[in-house]
There are 2 protein chains.
Amino acid sequence: MKDKKEKMQEILREKDIRVTRQRESILEVIFEAEKPVTATYIFSRLQESCPNLKLSTVYRNMNLFVKKGLLRKLSLDIDNNESYFELIRDEHHHHLICIQCNKVLPLDCPLGEFEEKIREETAYRIIDHSVKIFGICPHCQEFSNT
Amino acid sequence: MKDKKEKMQEILREKDIRVTRQRESILEVIFEAEKPVTATYIFSRLQESCPNLKLSTVYRNMNLFVKKGLLRKLSLDIDNNESYFELIRDEHHHHLICIQCNKVLPLDCPLGEFEEKIREETAYRIIDHSVKIFGICPHCQEFSNT
DNA sequence: AGAATACTTGCAAATGATTTGCATCTTTAG
DNA sequence: CTAAAGATGCAAATCATTTGCAAGTATTCT
Ligand SMILES: [Mn+2]
Ligand SMILES: [Mn+2]
Ligand SMILES: [Zn+2]
Ligand SMILES: [Zn+2]
């Protein structure tokens with residue numbers, strides 16, 4: 001327990017973020033999730049342990065963490081269009097999304113030379129890109145069979 | 001003028017959509033735009049010619065047109081996150097978006113064998129995908145130089 | 001440690017995109 | 001021309017996200 005909190009504090013300090021109870025807890029939830037999470041997901045996970053944490057505080061901190069380079073924000077276009085956030089710790093990658101259970105898997109980036117080709121053809125300065133694949137995961141396929 | 005209205009009516013009838021003044025006008029705006037448009041874009045274009053058209057009517061019809069296969073809805077992730085709509089008339093393609101002026105260009109789909117590879121590797125049933133490239137168009141580059 | 005400063009949070013209200021309920025028109029099929 | 005089905009105007013509701021402000025807390029500096 002102590003251990004985990006201390007680790008969260010280290011991470012926050014490394015990024016020049018002031019340490020608060022709520023930030024430690026929010027970060028813990030994000031680390032434990034092992035998948036992209038929404039603000040409301042975090043909020044609901046913390047209902048019991050931090051009864052008067054507000055959703056607006058979660059949002060404020062998600063924005064801060066993004067600005068500080070701890071998280072990236074994803075528009076997964078899943079049902080209600082909530083934003084997802086994931087830790088920036090792995091390589092550049094994309095996402096495979098199950099449109100039934102919202103499970104998210106990482107995908108390698110398929111745009112290797114493509115971006116370069118586009119740059120040459122259009123003279124745009126390329127800044128970023130997004131690739132998403134939507135499908136039905138094996139588990140959901142079983143239950144949706146005819 | 002007559003000509004244009006009649007063409008819109010034809011299109012609506014072909015798709016089994018009842019013909020109304022507002023639908024004709026909305027569709028005209030979409031055809032004239034030659035680019036993906038938002039509901040508010042359509043709405044503002046029609047302020048003068050249809051003074052009591054409501055934004056909710058535009059939205060209702062965008063949804064209908066999507067359901068009837070006349071339009072596709074795009075999440076371009078441009079500033080306020082408004083949804084864009086474009087005519088379904090051309091090949092499957094993607095979009096190159098200028099993050100300064102919001103200009104949108106079509107892109108060929110770079111995911112050829114990639115989807116198939118993903119299907120084999122993950123056993124997902126692939127339903128759809130999205131590819132977006134964000135950059136700065138030549139015109140905007142001129143004005144944002146150091 | 002104690003105080004001053006700067007930053008955070010709780011709380012409530014505001015935003016902005018999109019949707020919805022309902023009463024009143026309008027379109028369309030017969 | 002008429003009835004039935006569907007569309008629209010209008011206002012209010014939703015939903016995700018943001019913001020203003022006063023009170024609370026972390027950090028910095030004696
Ligand atoms: Mn990821
Ligand atoms: Mn297009
Ligand atoms: Zn699934
Ligand atoms: Zn531009």
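Reminder, nothing fancy here: chain letters follow the sequence lines and each chain counts from 1.
- One atom, CG of B:Leu53, and another, C1' of D:dG9, lie 10 Å apart when rounded to the nearest Å.
- Among the nucleotides D:dG9, C:dG10, C:dT28, the one closest to any side-chain atom of A:Asn52 is C:dG10.
- Within the 4.0 Å cut-off from OP1 or OP2 of D:dT8, at least one side-chain nitrogen or oxygen of B:Asn61 is found.
- One atom, CE of A:Met62, and another, P of C:dT8, lie 16 Å apart when rounded to the nearest Å.
- Rounded to whole angstrom, the span from the NZ atom of A:Lys68 across to the P atom of C:dC7 amounts to 10 Å.
- The side chain of A:Thr40 contributes no N or O atom lying less than 4.0 Å from OP1 or OP2 of D:dA16.
- Put simply, the side chain of B:Arg18 and the base of C:dT27 share a donor and an acceptor less than 3.5 Å apart.
- Contact check, A:Gln22 against D:dT25: no side-chain N or O comes under 4.0 Å of OP1 or OP2.
- Applying the 3.5 Å distance criterion, the base of D:dG20 shares a donor-acceptor pair with the side chain of A:Arg60.
- For the OP1/OP2 pair of C:dA17 and a distance below 4.0 Å, the side-chain nitrogens and oxygens of B:Ser83 include no atom meeting the criterion.
- Rounded to an integer number of Å, the gap from B:Phe65 CZ to D:dG6 P is 16 Å.
- One finds no side-chain N or O of A:Arg23 lying less than 4.0 angstrom from the OP1 or OP2 phosphate oxygen of D:dA26.
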| query | Should A:Leu107 and A:His93 be marked as a side chain to side chain contact (heavy atoms under 4.5 Å, CB included) after you check the CA-CA gap, both sets of side-chain angles, and the distance that decides it? | reply | CA-CA 6 Å; A:Leu107 293 178; A:His93 65 276; 6.0 Å; no
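- Under a hydrophobic clustering in which Ile, Leu, Val, Met, Phe, Trp and Tyr are joined whenever their side-chain heavy atoms come within less than 4.5 Å, directly or via other members, A:Leu55 and A:Tyr84 fall into different clusters.
- In this structure, A:Glu82 atom CD and D:dT18 atom C1' are separated by 15 Å, rounded to whole Å.
- Judged purely by distance below 3.5 Å, without hydrogens or angles, the side chains of A:Gln100 and A:His139 never pair a donor atom with an acceptor atom.
- Minimum atom distance to the side chain of A:Arg21 is reached by D:dT25, of the listed D:dT25, D:dT18, D:dT8.
- A:Ile126 and B:Leu105 fall within a single hydrophobic cluster, where Ile, Leu, Val, Met, Phe, Trp and Tyr are joined by side-chain heavy atoms under 4.5 Å apart, directly or via other members.
- OP1 or OP2 of D:dA16 has at least one side-chain nitrogen or oxygen of A:Asn80 nearer than 4.0 Å.
- Across all strands shown, A:Ser56 has heavy atoms under 4.0 Å from base atoms, whether or not it also approaches the sugar-phosphate.
- Taking 4.0 angstrom as the limit, B:Asn63 places a side-chain polar atom (N or O) nearer than this to OP1 or OP2 of C:dT19.
- Computed from coordinates, the A:Tyr59 OH to D:dT18 C1' distance equals 10 Å when rounded to whole Å.
- Between the CD1 atom of A:Ile26 and the C1' atom of C:dT9 there is a distance of 11 Å, given to the nearest Å.
- Taking the nucleotide of DNA chain C with the nearest heavy atom to each of B:Leu55 and B:Ile17, the more 5' of the two is matched to B:Leu55.
- Note on A:Lys54: every side-chain N or O is 4.0 Å or more away from OP1 and OP2 of C:dT9.
- Checking B:Asn81 against A:Thr57, the closest nucleotide of DNA chain C that is more toward the 5' end is the one next to A:Thr57.
- Regarding B:Tyr84, its OH atom lies at a distance of 10 Å from the P atom of C:dT18, rounded to whole Å.
- A salt bridge links B:Lys132 to B:Asp77: one of the charged nitrogens lies within less than 4.0 Å of a carboxylate oxygen.
- Side-chain contact annotation: A:His129 with B:His94, donor-acceptor N/O pair under 3.5 Å absent.
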